[in-house]
Amino acid sequence: MTISKRLVLSRDNEGKQSEKVIDFDHPDVPTIPPEKGVNLKKMADSLVSKGVLTASEVE
Amino acid sequence: MVQMASRTTRHSQLKDVNTPHVAADLSEAITKIYDTTVTGAAVTSVQFTGLDLDSDGTYFIVIDLYNAAAGGANILLEANGDTTTTNYENTRIQADGSSISNTLFNTAGITYCDAGLQVVAHIYVSKHASKYAMGNCISNFYVAGATHPILWNSTWIKKNATTNFTSIEIVSSQANGIGIGSRIILYQVKSA
């Protein structure tokens with residue numbers, strides 16, 4: 001990961017929120033995007049058309 | 001013929017609407033600890049310090065992030081500055097329109113924010129002394145070109161760790177992927 005920034009929040013003795021930005025070297029983490037899911041209705045319709053299930057079983 | 005039931009109401013069943021009710025006092029149950037909006041420049045992470053999860057019991061975190069980086073980013077939840085992603089684990093259920101999927105990841109990831117887009121997530125993390133910390137995240141985001149939002153519901157754990165959490169960090173997997181205008185709020189929900 002390139003040089004990046006971390007926003008650090010803390011509270012002082014009086015409870016007041018304070019913020020500071022520091023350099024942050026986080027290890028690389030592979031990004032995992034949303035994946036293509038399964039369309040349950042299409043799958044059920046397919047099973048009905050193949051005779052695996054009856055229509056009433058997937059209602 | 002249909003026999004109608006009696007609709008007579010006894011006097012004792014009537015509600016007294018003239019007596020003011022005392023509002024529930026939630027001030028000791030839910031307390032806002034931190035509230036920040038990213039300004040000036042994007043950051044990679046936002047770290048909340050000075051926490052005591054064993055004592056507080058539960059934290060509720062609301063994140064409303066804008067990803068200004070060039071690529072899509074996973075949003076990670078890390079504790080005590082532990083950046084070793086394999087020390088965490090999550091199971092995710094994704095609902096995308098009429099399609100669903102579920103996957104186990106050996107990472108600290110809780111949600112996703114596509115490049116130039118937004119994610120809103122509601123996260124709970126609970127822990128009690130000598131016990132493991134466990135969390136859940138419900139999030140809602142769009143991806144480029146989509147016409148409907150995607151739902152991610154993620155479990156989250158820090159593996160084999162019963163130590164108290166004194167800091168919690170929201171991290172983008174893209175450098176400086178938490179853009180200007182992103183807001184993160186952390187509440188203490190007293191449940192210890």
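Letters go in sequence order (proteins before strands), and every chain restarts at 1.
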Identify whether B:Ile178 and A:Val8 are in the same connected component of the hydrophobic contact network (ILVMFWY, side-chain heavy atoms under 4.5 Å). no

How long is the gap from CD1 on B:Ile168 to CG on A:Leu9, to the nearest 0.5 Å? 12.5 Å

Please say yes or no: joined through hydrophobic side-chain contacts below 4.5 Å, possibly via intermediate residues, are B:Tyr132 and B:Leu53 part of one cluster? no

Sort B:Asp114 into side chain, backbone, both or neither according to what part of it lies under 4.5 angstrom from a heavy atom of chain A. neither

Most chain A-contacting option - heavy-atom pairs closer than 4.5 Å, from B:Leu76, B:Ile150, B:Val143: B:Leu76

To the nearest 0.5 angstrom, please state how far the CD atom of B:Gln94 sits from the NZ atom of A:Lys36. 10.5 Å

Engaged part of B:Ala41 at the chain A interface, taking heavy atoms whose separation is under 4.5 Å: neither

Relative to chain B, which segment of A:Glu35 carries a heavy atom at a distance below 4.5 Å: side chain, backbone, both, or neither? both

Can you tell which of B:Thr103, B:Ile33, B:Val38, B:Asp96 has the highest number of heavy-atom pairs within less than 4.5 Å of chain A? B:Ile33

Heavy-atom pair with the smallest gap, counting every atom of A:Pro34 and B:Phe141: CG-CE1, 3.6 Å

Considering all heavy atoms, the nearest B:Asp35-A:Gln17 contact: O-NE2, 2.9 Å

When rounded to the nearest 0.5 Å, the distance separating OG1 of B:Thr83 from CG of A:Asp28 is 11.0 Å

Can you tell me if B:Leu117 has over 12 outside heavy atoms packed within less than 6.0 Å of its CG? yes

pair A:Val29-B:Asn74: side-chain heavy atoms closer than 4.5 Å: no

Are A:Val21 and B:Val46 grouped together when hydrophobic residues (ILVMFWY) are joined by side-chain heavy atoms under 4.5 angstrom apart? yes

For A:Gly37 and B:Ser99, the nearest pair of non-hydrogen atoms, with its separation, is C-CB, 3.8 Å

Closest contact, heavy atoms only, A:Ile32 versus B:Tyr112: O-CD1, 3.9 Å

Any idea which heavy atoms bring A:Phe24 and B:Ser45 closest together, and the distance? CE2-OG, 3.5 Å

B:Ile30, B:Tyr124: one ILVMFWY side-chain cluster at the under-4.5 Å cut-off? yes

If I compare all heavy atoms of A:Thr31 with all of B:Gly72, which pair ends up nearest, and what's the gap? CG2-O, 3.3 Å

Supply the atom-to-atom distance B:Ile100 CD1 to A:Met43 CE, rounded to the nearest 0.5 angstrom. 7.5 Å

Where at least one partner belongs to residues 97-109 of chain B, residue pairs that pass salt bridge (Lys or Arg N to Asp or Glu O under 4.0 Å), sequence neighbours excluded: none

When hydrophobic residues are tied together by side-chain contacts of less than 4.5 Å, even through go-betweens, does B:Val171 share a cluster with B:Phe105? no

